Each structure stands twice: as structure tokens, then as C-alpha cells.
Student: 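Before I ask anything, let me first share the structure, which is written out below as C-alpha cells.
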Amino acid sequence: MAAGNIDEQEDGYDEAPTFIDMNSAVEVGQNGADDEAMMEDEAMMDDNDAEEIPSKMPITEGIDAASASSQPIVDQSKATFSSHTDAVYAVASHYDVASHSLSIASGGGDDRAYLHHITTKDGAQQTSTTPLSHPHADSVSCLAFNAPFVSADVSGKVQRNLLGVGSYDGSIVLYDALNGALDQVLEGPSDVEFLSFHPRGGTVLLAGSIADGTVWMYHLPSKSCLQVFVGHEGGVTAGSFTPDGKSAVSAGRDGTLRVWAPKTGMSRHVFRLMEHQRGEEEGPGLTSLAVGGGADGQMAICGGEDGNAYIVHVSGKKLLATLTHFEESKDANSSTNSNAKNQSEMDDEDMGEVEPRSVEAVGFCPTAVHGTAGWCATGGVDGALKIWNTSVTGGTGAQLRHKCVREDGPGVGITRLRWHATLPLVICAYTDGVVGTWDARTGTMAGAPLTGHGDMINDMSVGFVEGSDVAVVVTGSDDRTVKMFEYQPY
């Protein structure tokens, strides 16, 4: 592909949103071979919105049905939203200190997106739900608020609080984050897999496609597409801007992590982390991504379907460490090594012959947490959370500190993880619907797991109230519900 392994020489990058050269904005049309390929008709899901939600949610395969029926699930959530009629695939949240209001967005397999609000008035909790108006033709796959990044630009103008909604029908829809009013609909890649706002101003949006492997960048005030980053040889699974906003990074099914120059659209570097034949998607790919590690914020970590996680220095263009998350069991079939065929590609009859190995969640410990410089975490479908220290010497790259596995749920996998903002804690979402928190210093569980869901948690968003250690955990599940939990450390 065109991007290849090209290093971008230009290091200069203006502050957003003033870094944008509006004369270079790209007009995105609907004609031409490339656009036609990206906009192929998707097989539309049957709309069964009228189907009633069953009174008893399904139990995950990882839970023994007999014991589950004898021990009903205790719902420890502070709020539950049951608007969806199919699995909830994506959630996002933002707590507004001024209004003491928690905004929650959710999207799912029913092709719908909702905006929920939780407010506290006179000590009483009030909730509301607004159906978002755009008629999607496929599952809503990703959501993002720009509120954490909204600030006054150099002109003194305060930007709007927006909610971005991405769908597998190829649409990217922006709403007013306060009242859910439709703002704009963007044309872009097919099968939108992720959305990420620029950290300076929140007016630039990054979006990637799980289908055609392109990454698009938009300037929202002008409703313009600024860049289309082309180079991945398979679908893009995750992407983000670096904390300084000077680079965009994307992880793909082709086993590469690519670094892009937002101003020029050129590829600055390609980390080829897995062995793939050029132009071929077969083989393990990258599943997850986190940025902002290291003292300079330039470290990125991505999880792979091969059971490894990879830490790179973005601006330094260097692979720093390969973390072996998955451990082969002694009785594992010899054919299931790290170069074996990706489990997700196997036929059902082959599933029992290999152990799950994919690293589904990764994250760096915030620099604000005392005594944890260089720590990061990986979570996998094997159910293990691993805590690593990258601040080691001797050329080993990283040192394993702890392996954390729940005693009450052997065989359940981790789908999401998030570090606490101020404490050495890692909050994990599991395939059996449980939220567990681990102390990264000791490798032990910090308090009892939070329960309430009756099926797999697909997505999790964690926020923190300023001046408090309480974590506000929002989850979306296969049981069709969105729940909000409050975790009080220690």
C-alpha cells in the first residue's frame, strides 16, 4: 500500500484547532472506485425492536448454570438502563463537575444509540434517557465524548460539547452532548470501529474502519475531512492521538502499529509487530491500544491475538518490549504456539484444541499514581490480568510483577481494563458480567467484585469525581443493559 515504511521528516505541529490548514481540507465524494469500494452495501441486520426483553437474562457459558440458578445474581449497580433490545456493544461516559451530572452514551446490536443522564438533586438520584435520532442500518460500534478536551482556542471561543457515534453502516454522527440534538452526519469509512477526539480542543475527530483499513480525520466546526490515512493491509481495530496531539496511531489486523502525521497525512513509521505476508490478512492481528505511557507520554502499548503485548516509543520509532501475556499450558497441543492460526478464524470443531490467547485490554498506569513509574497492565481472554514494570534495566524490556486470576471465576476472560486515576488499582470487566478491581502492588483483589450483569460485559467506561477516589464504572453487556456502579477503594 502507499504508506509503507515511510518516515515523516516534519516535526513541527501547531496547536489544535489552529494547526489545521483549511486549504488542505479534502472533499470526500461518493464517486470513484475507492469510494465505491469503501461504501459497499452492508448486510443489514433484522430490526426486532419490538421484541420484548426476557425477564431472565442469559447466563454466560463460563458460569455453571446449576450454581447460577441456585445463587441469583445480586445487582450492586447504582443505576440500570434497559433501553436496548439487543446486546450493548459500546458505552462512553463523562461526569460534569459543575452540574453534578453523569452523561452516558450507549450503542448496540439493535442499531440504536441512546444518551442517558444521571443527576443528583436534594440527595435524590434522577435519571433520563434520550433516543438519538439518526436511523442506523447496522450495529452501533463506538462512542466518544469530546468534553474532556474542550477548551477555549486561541481566539477565546469555547468549543461545543459533542458526542460522536460510529456504526458498522459507515456513518459517523455528532450530537449535542447535553440534550442529544443532532449536530451533523459525516461521510467516511465503512464499518467504523473506533472514534477518538484530538486532545487539544476536541474539535478534530479520528475514525477507523475494521473493513477497509483506512483511518479518517475530520475538522468538526468546518465539517471537513482533513486526511485519509491509507496503509493498513487489513482492518483497523484501534486508534488514537498521542497526548501531545502531534501524532495519530492506529493498530490493525495486519499486525502493524502505524504512526501518522496529522498535518500532512504521511506515515511517520510502521511497527511490524507480527509476521504477515505483505497484503495478506491471515494471521494474528492487534486487538487493543493504549497511549500516553512514559514520562514523555510517547509510549504506546497494543495487545495481540498471538498472546503478546507490545510496547513502543512513538516518536523514537523503537520497539521497547514484547510482553508474553499468554502462557502455554503443559498439556497444550504442540500446534498451538504463538504462530498458530488465529483462534477467531478457526472452525467450531477446532475451538477445543487450542487455548484462548488473545490480549483484549491494555493500559498504562497514570503518572499521578505515586511509586508506579513505568507500570502497565495486560488483560486476556485467558482471564489473567498481568501487571508489568517497564522501568527495569538489563535489557529485559519489562518485568512481570503479578499475575492476577479470579478464584471465583476460572475460565472467564477479561474484555476491558482501566487504571484508577490516582491509586495503584486496575478495574477489569469480565465475560461473566462481573467487574473486579485489583491492587497492582500486591496482586490481590481490592474488595469484592461488582455484580449485576447476567452476561458478558462488552465495553466499560470509568470516570472519576474530582477530589474523590470513587470510581464511576459504566458497563454495557450482552444482557442488553447498561449499568452504573460506584467503586469505593478500600
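These numbers come from the heavy atoms of this one structure, side chains and all, not from hydrogens, waters or symmetry mates. Note that the structure is predicted; figures quoted are calculated from it, not measured.
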Student: So, does Glu305 use its side chain to make a donor-acceptor pair with the main chain of Gly285 at under 3.5 Å?
Tutor: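 Side chain of Glu305 to backbone of Gly285, a donor-acceptor pair under 3.5 Å: yes, one is there.
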Student: Please confirm whether the backbone N or O of Ile457 pairs with a side-chain atom of Thr475, one donor and one acceptor, at under 3.5 Å?
Tutor: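 No; zero donor-acceptor contacts below 3.5 Å.
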Student: Would you say the side chains of Glu193 and Tyr168 form a donor-acceptor pair under 3.5 Å?
Tutor: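 Result is yes, a qualifying pair exists.
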Student: Start with the C-alpha distance between Val435 and Ile427, add both sets of side-chain angles, then the distance that settles side chain to side chain contact (heavy atoms under 4.5 Å, CB included), and finish with yes or no.
Tutor: CA-CA 7 Å; Val435 176; Ile427 303 169; 3.7 Å; yes
Student: Counting distance only, does the side-chain N/O of Thr242 pair as donor-acceptor with the main-chain N or O of Gln298 below 3.5 Å?
Tutor: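 No; zero donor-acceptor contacts below 3.5 Å.
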Student: Report the C-alpha separation of Ser133 and Leu182 in whole Å, then their side-chain angles, then the decisive distance to 0.1 Å, and conclude whether the side chain to side chain contact (heavy atoms under 4.5 Å, CB included) test is met.
Tutor: CA-CA 7 Å; Ser133 60; Leu182 180 65; 3.9 Å; yes
Student: Salt bridge check, Lys403 against Glu327: does any charged N sit closer than 4.0 Å to a carboxylate O?
Tutor: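 Here Glu327 pairs with Lys403 in a salt bridge, since their nearest N and O are under 4.0 Å apart.
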Student: Give a yes or no answer on whether the side chain of Ser167 reaches the backbone of Asp169 with a donor-acceptor pair at less than 3.5 Å.
Tutor: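 Side chain of Ser167 to backbone of Asp169: a pair is present.
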Student: Is it true that the side chains of Thr203 and His198 contain a donor and an acceptor less than 3.5 Å apart?
Tutor: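 The criterion, which ignores hydrogens and geometry beyond distance, is not satisfied for His198 and Thr203.
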Student: Does some side-chain heavy atom of Val474 sit less than 4.5 Å from a side-chain heavy atom of Lys483?
Tutor: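 When only atoms from C-beta onward are counted, Val474 and Lys483 do not touch, as no gap falls below 4.5 Å.
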Student: Assess, by modelled atom type and distance only, whether the side chains of His325 and Thr378 contain a donor and an acceptor separated by less than 3.5 Å.
Tutor: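 The criterion, which ignores hydrogens and geometry beyond distance, is satisfied for Thr378 and His325.
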Student: With a 3.5 Å distance limit and no angle check, can you tell me whether Thr324 reaches the backbone of Asn308 through a side-chain donor-acceptor pair?
Tutor: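 Not confirmed, Thr324 side chain does not pair with Asn308 backbone.
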Student: Start with the C-alpha gap between Ile104 and Leu115, add the side-chain angles, then the distance that decides, and say whether side chain to side chain contact (heavy atoms under 4.5 Å, CB included) holds.
Tutor: CA-CA 6 Å; Ile104 300 172; Leu115 179 61; over 6 Å; no
Student: Between Phe271 and Leu319, what is the shortest heavy-atom contact and its length?
Tutor: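 Residues Phe271 and Leu319, closest heavy atoms: CE2-N, 4.0 Å.
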Student: Hey, does Thr431 have a side-chain heavy atom less than 4.5 Å from the side chain of Val434?
Tutor: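 Not touching, per the 4.5 Å side-chain cut-off.
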Student: Ignoring hydrogens and angles, state whether a donor on the side chain of Thr214 or Trp216 is under 3.5 Å from an acceptor on the partner side chain.
Tutor: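 Yes, a side-chain donor-acceptor pair sits under 3.5 Å.
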Student: Taking the side chain as every heavy atom from C-beta outward, state whether Leu323 and Ile311 have any pair of such atoms under 4.5 Å apart.
Tutor: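 The answer is yes; the side chains approach within 4.5 Å.
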Student: Do Tyr175 and His134 have ring centroids that are under 6.0 Å from one another?
Tutor: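 Not under 6.0 Å, so no.
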Student: So, does Asn389 use its side chain to make a donor-acceptor pair with the main chain of Gln399 at under 3.5 Å?
Tutor: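 Such a contact is absent between Asn389 side chain and Gln399 backbone.
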Student: Using atom types as modelled and distance alone, determine if a side-chain donor or acceptor of Asn146 lies under 3.5 Å from a backbone N or O of Gly202.
Tutor: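 A pair under 3.5 Å: yes.
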Student: Might you point out which heavy atoms bring Gly239 and Leu289 nearest each other, and give the distance in Å?
Tutor: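 For Gly239 versus Leu289, the nearest heavy atoms are CA-CD2, 3.7 Å.
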Student: What distance do Leu205 atom CG and Leu162 atom CG have between them, rounded to the nearest 0.5 Å?
Tutor: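 One finds 9.5 Å between CG of Leu205 and CG of Leu162.
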Student: Please examine the side chains of Thr256 and His232, heavy atoms only from C-beta on, and report whether any two atoms are closer than 4.5 Å.
Tutor: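 The answer is yes; the side chains approach within 4.5 Å.
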Student: Thinking salt bridges, do Arg416 and Asp459 make one under a 4.0 Å N-O criterion?
Tutor: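 Salt bridge present between Arg416 and Asp459.
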Student: Name the one of Asp244, Val259, Leu257 that satisfies side-chain contact (heavy atoms from CB on, under 4.5 Å) with Val314?
Tutor: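 Between Val314 and the candidates, side-chain contact (heavy atoms from CB on, under 4.5 Å) is satisfied uniquely by Val259.
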Student: Please check this pair: side chain of Ser209 against backbone of Asp212, looking for a donor-acceptor N/O pair closer than 3.5 Å.
Tutor: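 It does hold such a pair.
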Student: Just how far is it from atom CD1 of Ile387 to atom CG of Leu385, taken to the nearest 0.5 Å?
Tutor: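 Separation between the atoms: 4.0 Å.
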Student: Under a 4.5 Å cut-off applied to non-hydrogen side-chain atoms, are Ser106 and Phe81 in contact?
Tutor: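 No, their side chains stay 4.5 Å or more apart.
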Student: Using distance alone, with no hydrogens and no angle criterion, decide if Ser247 and Arg268 have a side-chain donor and acceptor under 3.5 Å apart.
Tutor: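 Present: a donor and an acceptor within the cut-off.
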Student: Are Asp432 and His453 close enough that a side-chain donor and a side-chain acceptor fall under 3.5 Å?
Tutor: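 Side chains of Asp432 and His453: no pair found under 3.5 Å.
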Student: I'd like to know if the side chain of Asp111 and the backbone of Ser139 have a donor-acceptor N/O pair within less than 3.5 Å.
Tutor: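 Yes, because the side chain of Asp111 sits within donor-acceptor range (under 3.5 Å) of the backbone of Ser139.
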Student: To check you understand the geometry: which heavy-atom pair defines the closest contact between Phe364 and Met299, and what is its length?
Tutor: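 In this case the closest contact between Phe364 and Met299 is CE1-O, 3.4 Å.
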Student: Where is the tightest heavy-atom contact between Pro366 and Ala421, given as atom of each residue plus distance?
Tutor: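 Minimum heavy-atom contact is CB-O, 3.8 Å.
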Student: What's the shortest heavy-atom distance between Trp419 and Gly363, and which atoms?
Tutor: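 The pair with the smallest heavy-atom distance is NE1-O, 3.0 Å.
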Student: With side chains defined as the heavy atoms from C-beta onward, is the minimum distance between Asp296 and His313 less than 4.5 Å?
Tutor: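 SC-SC contact between Asp296 and His313 confirmed.
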Student: Atom OG in Ser222, atom CD in Gln184: separation rounded to 0.5 Å?
Tutor: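 Ser222 atom OG to Gln184 atom CD measures 8.5 Å (nearest 0.5 Å).
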Student: Applying side chain to side chain contact (heavy atoms under 4.5 Å, CB included), run through Thr237 and Ser288 and close with a yes or a no.
Tutor: CA-CA 7 Å; Thr237 56; Ser288 49; over 6 Å; no
Student: Would you give the length of the straight line joining atom NE2 of His136 to atom OG of Ser141, rounded to the nearest 0.5 angstrom?
Tutor: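 So the NE2 of His136 and the OG of Ser141 are separated by 9.0 Å.
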Student: Do Arg258 and Phe229 meet the cation-pi criteria used here (NZ or CZ under 6.0 Å from the six-membered ring centre, within 45° of the axis)?
Tutor: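 Because its charged atom misses either the 6.0 Å distance or the 45° angle limit, Arg258 does not stack over Phe229.
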Student: What is the minimum heavy-atom distance between Gly166 and Leu195, and which atoms define it?
Tutor: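 For Gly166 and Leu195, the tightest heavy-atom pair comes out as N-CD1, 3.5 Å.
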Student: Taking atom CG of Leu286 and atom CG of Asp254, what is their separation to the nearest 0.5 Å?
Tutor: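 One gets 7.5 Å once the value is rounded to the nearest 0.5 Å.
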Student: Looking at Lys223 and Asp183, is there a salt bridge between them, counting it only when a charged N and a carboxylate O are closer than 4.0 Å?
Tutor: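 Here Asp183 does not pair with Lys223 in a salt bridge, since their nearest N and O are not under 4.0 Å apart.
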Student: So, do Leu206 and Phe194 sit near enough that their side-chain heavy atoms are less than 4.5 Å apart?
Tutor: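 When only atoms from C-beta onward are counted, Phe194 and Leu206 do touch, with a gap below 4.5 Å.
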Student: Is a side-chain N or O of Asp191 found less than 3.5 angstrom from the main chain of Ala211, in a donor-acceptor match?
Tutor: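 No.
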Student: Quick one: are Phe241 and Met217 in side-chain contact, heavy atoms under 4.5 Å?
Tutor: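 With C-beta onward as the side chain, the pair touches.
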Student: Please check if any side-chain donor atom of Trp260 sits under 3.5 Å from a side-chain acceptor atom of Ser250, or the reverse.
Tutor: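 Looking only at side-chain atoms, Ser250 and Trp260 do form a donor-acceptor pair, the distance falling under 3.5 Å.
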Student: Give a yes-or-no answer on whether the side chains of Ser103 and His116 include a donor-acceptor pair shorter than 3.5 Å.
Tutor: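 The criterion, which ignores hydrogens and geometry beyond distance, is not satisfied for His116 and Ser103.
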Student: With rounding to the nearest 0.5 angstrom, report the NE2 to OG distance, His94 to Ser461.
Tutor: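 Answer rounded to 0.5 Å: 10.5 Å.
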